[in-house]
Amino acid sequence: MAYVNMYGMLHAAKRNHYAVPAFNIVNELSARAVVNTAISLKAPVILQTSVSTVKHIGPAALIGFLKEIAHRAPTPVAVHLDHCTDIALAKHCIDLGWTSVMIDASMQPIEENIRITRSIVEYAHPFDVTVEGELGAIAGAEDNIVVSNQDAFLASVEGSVLFVQQTGVDAFAPAVGTAHGQYKSEPKLDFQRFQEIQEKVETPLVVHGGTGLSDEVFRKFISLGAAKINISTALKIAYCSGMRSFVIDNPENTNPLSLDANAEQTIAAMCREIFELFSACNQA
Ligand code: 13P
């Protein structure tokens, strides 16, 4: 029951002015930490998988344990493939049971981006799998996709309307100045553009590059209609700092399970802050 695609959760979020966090998990421990926190807060959540994680664990093994974790949750959990540039891999993940995929053809000219994205929408929808597309190019490094500040460009309002109409995507990520990874300087965010896109496009909007944005910026995006916000780097930081602090505080420890438990708690604490900030608690 709880293993769902993104459609219902994103439309409910848009309607009721909160955002669903999409956390890029890296293994079973991090997926469990995210979902257990969502359950405890009665919040919807998106378990997001980067392509490198899919390749590292193997698609079948990964979806095997994610499905199991999602199925036993009483709250809605979507399993979403993030930034996939490989059409064959996106289709394979749909075949294996991901409930949602992002096809990222944003570095192509808009006509080609539309053609590729639409082909995945046509493949995914008969399986009841939702699709996210992107327009513009988001700066920074996400997985193996690296976009320099010079190559980053924002989505135009007209292009966004055309893209959403012609692809039929279920979630739309327009580049508006956020960046993947840690911000090295204050990001220049185009809220005006985001608002204009939201006024012209029915499809729920996605904000990438959540790590390092201020509480005020999150609230502003949510007030302007952001329904899904991606958090990846912050989870990795929480995971590693949980491991590191445990090893430093317990140098004699030889039980990996207590090391895991500490990392799980650190990830859970980070997630809890995000769910609360996004007003996603008690929305499931
Ligand atoms: P951060 O790593 O900045 O949180 O970005 C996550 C993201 O947008 C994944 O697609």
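Both ligands and their constituent atoms are indexed starting at 1 by order of listing. Values below: every heavy atom of this structure, side chains too, minus hydrogens, waters and symmetry copies.
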Gly181 heavy atoms, cut-off 4.0 Å: which ligand 1 atoms fall inside? 1 (P), 2 (O), 3 (O)
Those atoms of ligand 1 less than 4.0 Å from some heavy atom in Thr211: 1 (P), 2 (O), 3 (O), 4 (O)
Looking at ligand 1, is there an atom of it that comes within less than 4.0 Å of some heavy atom belonging to Ala234? no
Taking Glu132 as the fixed residue, which of Lys228, His83, Gln48 is the one that meets the side chain to side chain donor-acceptor pair (under 3.5 Å) rule? Lys228
Heavy-atom contacts with His208 under 4.0 Å: which atoms of ligand 1 show up? List them by number with element. 8 (O), 10 (O)
Which of the ligand 1 atoms, numbered from 1, are nearer than 4.0 Å to a heavy atom of Asp82: 9 (C), 10 (O)
Do other residues, nucleotides or ligands put more than 12 heavy atoms under 6.0 Å from Tyr7 OH? no
Within reach of ligand 1, part of His83 (heavy-atom separation under 4.0 Å): side chain
In this structure, which one of Asn5, Thr130, Asp170 forms a side chain to side chain donor-acceptor pair (under 3.5 Å) with His125? Asp170
What are the atoms of ligand 1, with element, lying closer than 4.0 Å to any heavy atom of Ile231? 4 (O)
Polar proximity ligand 1 side, Ser232 side, N/O cut 3.5 Å exclusive: yes
Atom 8 (O) of ligand 1 - nearest protein heavy atom and its distance: Gly209 N, 2.8 Å
Looking only at protein heavy atoms, which one is nearest to atom 2 (O) of ligand 1, and what is the separation? Thr233 OG1, 2.5 Å
Electrostatic pair Glu28-Arg32, nearest N-O below 4.0 angstrom: yes
Just let me know how Ala179 lines up against ligand 1, side chain, backbone, both or neither, with a heavy-atom cut-off below 4.0 Å. backbone
Under the rule for ring pair (Phe, Tyr, Trp, His ring centres under 6.0 Å), what residues qualify as partners of His17, not counting sequence neighbours? none
Counting only heavy atoms, which portion of Asn230 has something under 4.0 Å from ligand 1: side chain, backbone, both, or neither? both
Salt bridge check, Arg115 against Glu112: does any charged N sit closer than 4.0 Å to a carboxylate O? yes
For a quick test of reading the model, state the closest non-hydrogen atom pair linking Leu81 to Ala90 and the distance between them. CD2-CA, 3.9 Å
Check the orientation of Tyr3 and His71. Use parallel for under 30°, tilted for 30 to 60°, and perpendicular for over 60°. tilted
